[in-house]
*Asks:* 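There's a structure below that I have some questions on.
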Amino acid sequence: MGFLTGKTAIITGAGRAVLGDGRCGSIGYGIATAYAKEGANLVITGRNLKKLEDAKEELERLYGIKVLILQADVNSGADNEKVVKTVVEKTMETFGRIDVLINNAQASASGVALKDHTTEQFNLALYSGLYATFYYMKACYPYLKETKGSVINFASGAGLFGNFGQCAYAAAKEGIRGLTRVAATEWAPDGINVNVICPLAWTAQLEQFQNAYPEAYKTNVQTPPAGHFGDAEKEIGRVCVQLASPDFKYMTGETLTLEGGLGQRP
């Protein structure tokens, strides 16, 4: 039994994705796998229902936990408070508690220069990332207060270092970083641990890019200072597990960044 047995975690953007060698191929699925290994029951959301169904099948079969999948998409044309409220209500109906909220989901039109960015592209990043984080935090707050739970948000080196072609993505991620700091201050008296991670992982999308466009990959993708990309489960997922540990409560109100160790690009 893991130390998260009996607890419930909501992880946004956690559909199944794998690398060519079978390892977890996305940050969300890497986190879900790390949490499943510790016995947590999971609520995973995303836009792609097939990826969510595949994640549920594998995680329940391998680790004996229960996974609730909910197709949810926060976007500029949706009633987003209702979308998020439905996720939270179904979580409480199914598990009766929320111990961890992990805001991982993010879409963007990366590679488009600021002068060429459209309002629609800018909204894509802001709604899927910043607004989604805001709505999920507000909706989960009363339940996290009951469990003295944890919030783990995802920012990026894109905002810290000003990556070319990522103006909307960087804006969304810097908004999330600021929102996290405020929540860490306001929610610490309630016993809620709030942190932000700025990671760089080796993902299925990056692997596909390398295989399809090797020359473009060599030109545009730089090896992180640590000499390798983060493993979605073993490095980033395990960090998220640690941040939900009762032993980590002494760090309440702090923020955690990994961009220095794992890289300076999102």
*Asks:* Measuring from Met137:CE to Leu179:CG, what's the distance to the nearest 0.5 Å?
*Replies:*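 Met137 CE to Leu179 CG: 4.5 Å, rounded to 0.5 Å.
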*Asks:* State whether the side chain of Glu186 and the backbone N or O of Val182 hold a donor-acceptor pair below 3.5 Å, judged by distance alone.
*Replies:*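 Here the side-chain-to-backbone pair does not exist.
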*Asks:* Please round to the nearest 0.5 Å and tell me the distance separating atom OG1 of Thr45 and atom CD of Gln71.
*Replies:*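 Here the rounded value is 10.0 Å.
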*Asks:* Return the NZ to CD distance between Lys7 and Glu38, rounded to the nearest 0.5 Å.
*Replies:*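 Interatomic distance, Lys7 NZ to Glu38 CD, rounded to 0.5 Å: 11.0 Å.
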*Asks:* Which residue in the set Glu57, Glu53, Glu58 passes salt bridge (charged side-chain N to carboxylate O under 4.0 Å, His left out) when paired with Arg16?
*Replies:*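 The option that passes is Glu58.
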*Asks:* Spell out, as yes or no, whether a donor-acceptor pair under 3.5 Å connects the side chain of Gln106 to the backbone of Ser128.
*Replies:*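 Flag not set: sc Gln106 to bb Ser128 has no pair under 3.5 Å.
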*Asks:* Do Ile69 and Ile27 sit in the same hydrophobic cluster, where Ile, Leu, Val, Met, Phe, Trp and Tyr count as joined when their side-chain heavy atoms come under 4.5 Å apart?
*Replies:*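 In one cluster: yes.
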*Asks:* Hey, does the side chain of Asn103 reach the backbone of Gly129 with a donor-acceptor pair shorter than 3.5 angstrom?
*Replies:*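 No, because the side chain of Asn103 does not come within donor-acceptor range (under 3.5 Å) of the backbone of Gly129.
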*Asks:* Atom CD of Gln242 and atom CD1 of Ile152: how far apart are they, to the nearest 0.5 Å?
*Replies:*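 One finds 10.0 Å between CD of Gln242 and CD1 of Ile152.
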*Asks:* With distance as the sole test, does Lys173 use its side chain to make a donor-acceptor pair with the main-chain N or O of Phe154 at under 3.5 Å?
*Replies:*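 Yes; judged by distance alone, with no hydrogens or angles, the pair exists.
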*Asks:* If I take atom SG from residue Cys240 and atom CG from residue Asn104, how far apart are they, to the nearest 0.5 angstrom?
*Replies:*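 With rounding to 0.5 Å, SG (Cys240) is 8.0 Å from CG (Asn104).
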*Asks:* Could you check whether any side-chain N or O of Ser108 sits under 3.5 Å from a backbone N or O of Tyr169, counting only pairs where one atom can act as donor and the other as acceptor?
*Replies:*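 Here the side-chain-to-backbone pair does not exist.
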*Asks:* Can you sort out the partners of Tyr127 under ring-ring contact (aromatic ring centres under 6.0 Å, His included), two or more places apart, ordered by chain and number?
*Replies:*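 Testing Tyr127 for ring-ring contact (aromatic ring centres under 6.0 Å, His included), a comparison that skips the adjacent residues, returns Tyr131.
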*Asks:* Indicate the atoms forming the closest heavy-atom contact of Ala55 with Gly15, along with that distance.
*Replies:*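 Looking at all heavy atoms of both residues, the closest pair is CB-C, 4.4 Å.
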*Asks:* Using the salt bridge (charged side-chain N to carboxylate O under 4.0 Å, His left out) criterion, which residues pair with Glu174? Sequence neighbours excluded.
*Replies:*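 Arg177.
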*Asks:* Please examine the side chains of Thr12 and Val74, heavy atoms only from C-beta on, and report whether any two atoms are closer than 4.5 Å.
*Replies:*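 They are not in side-chain contact.
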*Asks:* Working to the nearest 0.5 Å, report the span between CZ of Phe229 and CD of Glu235.
*Replies:*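 So the gap between those two atoms works out to 12.0 Å.
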*Asks:* Enumerate donor-acceptor pairs with a distance under 3.5 Å from any side-chain N or O in residues 88-102 to protein atoms, sequence neighbours excluded.
*Replies:*
unit_1: Thr91; atom_1: OG1; unit_2: Val87; atom_2: O; d: 2.8
unit_1: Thr94; atom_1: OG1; unit_2: Lys90; atom_2: O; d: 2.8
unit_1: Arg97; atom_1: NE; unit_2: Asp99; atom_2: OD1; d: 3.2
unit_1: Arg97; atom_1: NE; unit_2: Asp99; atom_2: OD2; d: 2.8
unit_1: Arg97; atom_1: NH2; unit_2: Asp99; atom_2: OD1; d: 2.6
unit_1: Asp99; atom_1: OD2; unit_2: Thr8; atom_2: N; d: 2.8

*Asks:* Sequence neighbours excluded, which residues qualify as salt bridge (charged side-chain N to carboxylate O under 4.0 Å, His left out) partners of Lys50?
*Replies:*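 Per chain and number, Lys50 pairs via salt bridge (charged side-chain N to carboxylate O under 4.0 Å, His left out) with Asp54.
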*Asks:* With no hydrogens and no angle check, is any side-chain donor or acceptor of Glu233 less than 3.5 Å from a backbone partner on Ala34?
*Replies:*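 Absent.
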*Asks:* Tell me, please, which residues at least two apart from Asp79 pass salt bridge (charged side-chain N to carboxylate O under 4.0 Å, His left out).
*Replies:*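 Counting only residues at least two positions away or on another chain, Asp79 forms no salt bridge (charged side-chain N to carboxylate O under 4.0 Å, His left out).
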*Asks:* Between Leu59 and Tyr35, is a side chain to side chain contact (heavy atoms under 4.5 Å, CB included) present by the stated rule, with each step listed?
*Replies:* CA-CA 10 Å; Leu59 293 170; Tyr35 269 66; over 6 Å; no
*Asks:* For Tyr141, which residues count as a side chain to side chain donor-acceptor pair (under 3.5 Å) partner, sequence neighbours excluded?
*Replies:*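 With sequence neighbours excluded, Tyr141 shows a side chain to side chain donor-acceptor pair (under 3.5 Å) to Asp190, given in chain and number order.
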*Asks:* Can Phe164 be reached from Leu200 by stepping across I, L, V, M, F, W or Y side chains whose heavy atoms are under 4.5 Å apart?
*Replies:*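 Unlinked, Leu200 and Phe164 end up in two clusters.
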*Asks:* Using every non-hydrogen atom in the two residues, find where Pro142 and Ala139 come nearest and quote the distance to one decimal.
*Replies:*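 Closest heavy-atom pair between Pro142 and Ala139: CD-O, 3.7 Å.
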*Asks:* Count I, L, V, M, F, W, Y as connected when their side-chain heavy atoms are under 4.5 Å apart, and connections chain through other members. Are Leu126 and Leu124 then in the same cluster?
*Replies:*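 Unlinked, Leu126 and Leu124 end up in two clusters.
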*Asks:* In terms of hydrophobic clusters joined by side-chain contacts under 4.5 Å, are Leu160 and Leu114 together?
*Replies:*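 As far as the 4.5 Å side-chain criterion goes, Leu114 and Leu160 are not connected within one cluster.
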*Asks:* I want to check something: taking the side chain as every heavy atom from C-beta on, are Leu42 and Tyr63 in contact at a cut-off of under 4.5 Å?
*Replies:*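 In short, these two side chains do not touch, never coming nearer than 4.5 Å.
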*Asks:* Is it true that Glu60 and Lys56 have a side-chain N and a carboxylate O under 4.0 angstrom from each other?
*Replies:*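 A salt bridge links Glu60 with Lys56.
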*Asks:* Do Ile44 and Val67 have side-chain heavy atoms sitting under 4.5 Å apart?
*Replies:*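 Of all side-chain heavy-atom pairs linking Val67 with Ile44, at least one is under 4.5 Å.
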*Asks:* Grouping I, L, V, M, F, W and Y whenever their side-chain heavy atoms are under 4.5 Å apart, do Ile65 and Tyr29 come out in a common cluster?
*Replies:*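 Same cluster.
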*Asks:* Please determine, by modelled atom types, if Thr180 and Asn153 share a side-chain donor-acceptor pair under 3.5 angstrom.
*Replies:*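 Yes, side-chain donor-acceptor contact under 3.5 Å.
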*Asks:* Just by distance, do the side chain of Thr147 and the backbone of Tyr143 share a donor-acceptor pair under 3.5 Å?
*Replies:*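 Side chain of Thr147 to backbone of Tyr143, a donor-acceptor pair under 3.5 Å: yes, one is there.
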